[in-house]
Amino acid sequence: MVEAFKVIGGKNIGGVLKVEGSKNAALPIMIATLVEKGTYVLKNVPNLMDIRTLVKLLESLGLQIERLDENTYKIENNGLTNLVAGYELVKKMRASFLVMGPMLAHSKKAKVSLPGGCAIGARPVDLHLKGFEALGTKITIDHGYVEAETEELKGAKIVLDFPSVGATENIIMAAVKANGTTVLENAAREPEIEDLCNFFNEMGAKITGIGTGTLVIEGVEKLNPCEYTIIPDRIVAGTFVIASIIFDGKIEVEGVRREHLEAFLMKLEEMGVKYEIEGERLRVLSKLEDLQGAKVTTMPYPGFPTDLQSPIMTLMCLAKGSSELKETIFENRFMHVPELNRMGAKIDINGNIATIKGIDNFSSAEVMASDLRAGASLILAALKAEGESVVNRIYHVDRGYENLELRLKNIGANIERIKAEI
Ligand code: EPZ
């Protein structure tokens, strides 16, 4: 059943929004439990569609998974009973392709459906496969599946053409128990990668250079499964901070780690936003009317995150003067632009650069989400626009934001989940 959010915007909303655990840390860490037999307990796992999809996939490979409470999972790995990750689950969630690295580490064999593209781009996995080959794996691709097999994973020096988050994660998971040391250069440095490395080191892995672009992974014989708490979701945090700015600081955001959002927070300061952070609670002190336009280019971490590109575009629409947003990570991540323009925004696109002219306010309209972050940017606009808007295809939003409409209702928003035709 297709659903939409019906939003009556223009309300004064305010209160506390708490940030859930990071989707993009929880997914690779849950997948990492494939590497070693034993019992794991993972805490602060967000309650999302993608997590439920992953649980099904991991169970199909032979793991026993028990949900101890809304955000805590117990995972038993008594060995893998199936080494094929099928199209229907991988297509639903591309991150499923990350099972290849740990399956190689555990069973020296894996067959995983090629994930295929999605709305924001072709999303190839060539860098993942080059990494596996460097570690001594034979790769064959046919009928839409990647088959990988190795006699023994051997440490190697690998230099990524691009600091791909997924390729870095997949290679780490294949290398932690390889014979010898792997040096991974031009590695991605996102906090979610750090969390994955910290999880492995908690289990006795030997990974150094964490947080830098060069990871040194000394293979170990055995890991000791453990309990682990996932970091907060920096992208949800950034989305909620933007909501707070739009509503003149009446929303406090709990779960903000400054060190995960430096580039984003510095850009807000450049736009005239004043804020304070006490512990992990951020309060916005300035008003929306103080906001000035700015230029942003999305970059690999620690640069400005591509996942906050669409949410900050909504904010830029409400700033004085004009702004510019350059998207350098994905080739098609402006699908929210025509939808925002339906809501009265004045955004022009020229290649991978969007130019945004400030407007007084959005006008309510019916729009459509194209990916989870685009959906969030449309909901932010709908909350501000006077009158009734409908945001369609919110299954995208459910993938990345836990119980979003309930939390927004709790701070006074008029938003409800309805059945939709499209
Ligand atoms: C991860 O995707 C995130 N997903 C994305 O978040 C995020 O936008 C992205 O990193 C960039 O930060 C998860 O962590 C589950 P990449 P991933 O490999 O790993 C190209 C969200 O909103 N590339 O760093 O797929 C690729 O085409 C999602 O939660 C290759 O060319 O990102 C893209 O243009 C959306 N070959 C660029 O690199 C490869 O082998 C970045 O991709 C791999 C990637």
Side-chain angles (χ1 to χ4, degrees), residues 20-32 46 48-51 53-54 57 90 92-101 112 114-134 139 141 146 158-173 184 186-196 213 230-231 233-239 260-261 263-264 298-312 327-333 335-336 352 369-377 396-402:
E20 61 266 41
S22 163
K23 167 175 86 76
N24 291 350
L27 292 173
I29 287 173
M30 287 177 83
I31 290 170
L48 298 171
M49 178 85 78
D50 274 5
I51 298 294
T53 302
L54 179 60
L57 172 63
V90 177
K92 238 177 122 184
M93 186 186 64
R94 311 186 58 266
S96 310
F97 194 74
L98 293 174
V99 302
M100 180 154 274
V112 182
L114 271 170
C118 72
I120 61 178
R123 314 288 292 273
V125 289
D126 55 309
L127 301 177
H128 300 234
L129 304 183
K130 272 190 219 161
F132 295 144
E133 284 172 330
I139 299 278
I141 299 179
V146 179
I158 302 167
V159 184
L160 288 177
D161 299 348
F162 178 85
S164 151
V165 170
T168 301
E169 291 166 344
N170 235 337
I171 292 164
I172 291 168
M173 293 194 277
L184 180 57
N186 200 25
R189 302 166 49 186
E190 274 70 359
E192 295 75 31
I193 307 264
E194 283 185 47
D195 216 23
L196 176 66
I230 308 289
I231 55 171
D233 192 310
R234 63 192 167 100
I235 304 303
V236 172
T239 309
H260 291 171
L261 284 167
F264 169 72
T298 63
M299 296 294 280
Y301 193 88
F304 191 96
T306 175
D307 294 345
L308 284 174
Q309 181 254 102
S310 51
I312 202 164
E327 172 58 55
T328 69
I329 306 295
F330 290 108
E331 64 267 30
N332 186 32
R333 204 165 194 180
M335 309 258 282
H336 46 288
N352 67 344
S370 50
D371 77 73
L372 61 167
R373 311 302 170 187
S377 68
H396 288 295
V397 181
D398 289 337
R399 294 188 54 180
Y401 295 86
E402 187 176 310

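Since we're looking at a predicted model, the values are computed, not measured. In each ligand, atom 1 is the first atom listed, and ligand 1 is the first ligand listed.
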Note to self: List ligand 1 atoms under 4.0 Å from R94, heavy atoms only on the residue side.
What the structure shows: 25 (O)
Note to self: To check you understand the geometry: which heavy-atom pair defines the closest contact between I51 and A26, and what is its length?
What the structure shows: CD1-CB, 3.9 Å
Next item on the list: With heavy atoms of H128 as the reference, note each atom of ligand 1 found under 4.0 Å away.
Entry: 40 (O)
Checklist line | Nearest-0.5 Å distance that lies between atom CZ in R123 and atom CG in N332 | finding: 11.5 Å
Check: Just which atoms of ligand 1 are under 4.0 Å from any heavy atom in K23?
Finding: 21 (C), 29 (O)
Item checked: Minimum-distance protein heavy atom relative to atom 11 (C) of ligand 1 -> T306 CG2, 3.9 Å
Check: Where is the tightest heavy-atom contact between L48 and R399, given as atom of each residue plus distance?
Finding: CD1-O, 3.5 Å
Next item on the list: Considering non-hydrogen atoms only, spot the tightest contact between F330 and I120 and give its length.
Entry: CB-O, 3.6 Å
Check: Which is closest to atom 3 (C) of ligand 1 by heavy-atom distance: L372, N24, L127?
Finding: N24
Check: Under a heavy-atom criterion of less than 4.0 Å, does P124 contact ligand 1?
Finding: yes
Checklist line | Non-hydrogen atoms of T239 and Y401 that approach each other most closely | finding: OG1-OH, 3.0 Å
Checklist line | Polar proximity ligand 1 side, E331 side, N/O cut 3.5 Å exclusive | finding: no
Note to self: For ligand 1, which is the ligand I care about here, please tell me if G166 has any N or O atom under 3.5 Å from one of the ligand's N or O atoms.
What the structure shows: yes
Next item on the list: Please work out which of the three classes, parallel, tilted or perpendicular, describes the rings of F304 and F264, given edges at 30° and 60°.
Entry: tilted
Next item on the list: Within a distance under 4.0 Å of any heavy atom of F162, pick out the atoms of ligand 1 and give their elements.
Entry: 37 (C), 38 (O), 41 (C)
Check: Where do P305 and I235 come nearest, in terms of heavy atoms and distance?
Finding: CB-CD1, 4.1 Å
Notebook entry, point to check: Based purely on interatomic distance, does I329 place a nitrogen or oxygen under 3.5 Å from a nitrogen or oxygen of ligand 1?
Noted result: yes
Margin query: Is atom 20 (C) of ligand 1 near the protein, in the sense that some protein heavy atom lies at less than 4.0 Å from it?
Written below: no
Margin query: Can you name the atoms of ligand 1, numbered from 1 with element, that are less than 4.0 Å from a heavy atom of R333?
Written below: 8 (O), 22 (O), 35 (C)
Notebook entry, point to check: Against heavy atoms of F330, which atoms of ligand 1 measure under 4.0 Å?
Noted result: 8 (O), 9 (C), 33 (C), 34 (O)
Note to self: Could you tell me, atom by atom, which parts of ligand 1 come under 4.0 Å of a heavy atom of V125?
What the structure shows: 39 (C), 40 (O)
Item checked: Salt bridge flag under 4.0 Å for residues D233 and K23 -> no
Checklist line | Identified side chain to side chain contact (heavy atoms under 4.5 Å, CB included) partner of I29 from the options I231, N24, D195 | finding: D195
Check: At under 4.0 Å between heavy atoms, which part of D126 makes contact with ligand 1: side chain, backbone, both or neither?
Finding: both
Next item on the list: Would you mind listing which atoms of ligand 1 come within a distance below 4.0 Å of any non-hydrogen atom of R373?
Entry: 21 (C), 22 (O), 29 (O)
Check: Nearest 0.5 Å, what's the CD1-CZ distance between I312 and R373?
Finding: 14.5 Å
Check: Any idea which protein heavy atom is nearest atom 17 (P) of ligand 1, and the distance to it?
Finding: R123 NH2, 3.9 Å
Next item on the list: Could you tell me whether V165 and ligand 1 have an N or O pair separated by under 3.5 Å?
Entry: yes
Check: Is D307 in polar range of ligand 1, meaning some N or O pair under 3.5 Å apart?
Finding: yes
Next item on the list: Output the distance between atom CE (M299) and atom CD1 (I329), rounded to the nearest 0.5 Å.
Entry: 7.0 Å
Item checked: Closest contact, heavy atoms only, R234 versus H260 -> CD-O, 3.6 Å
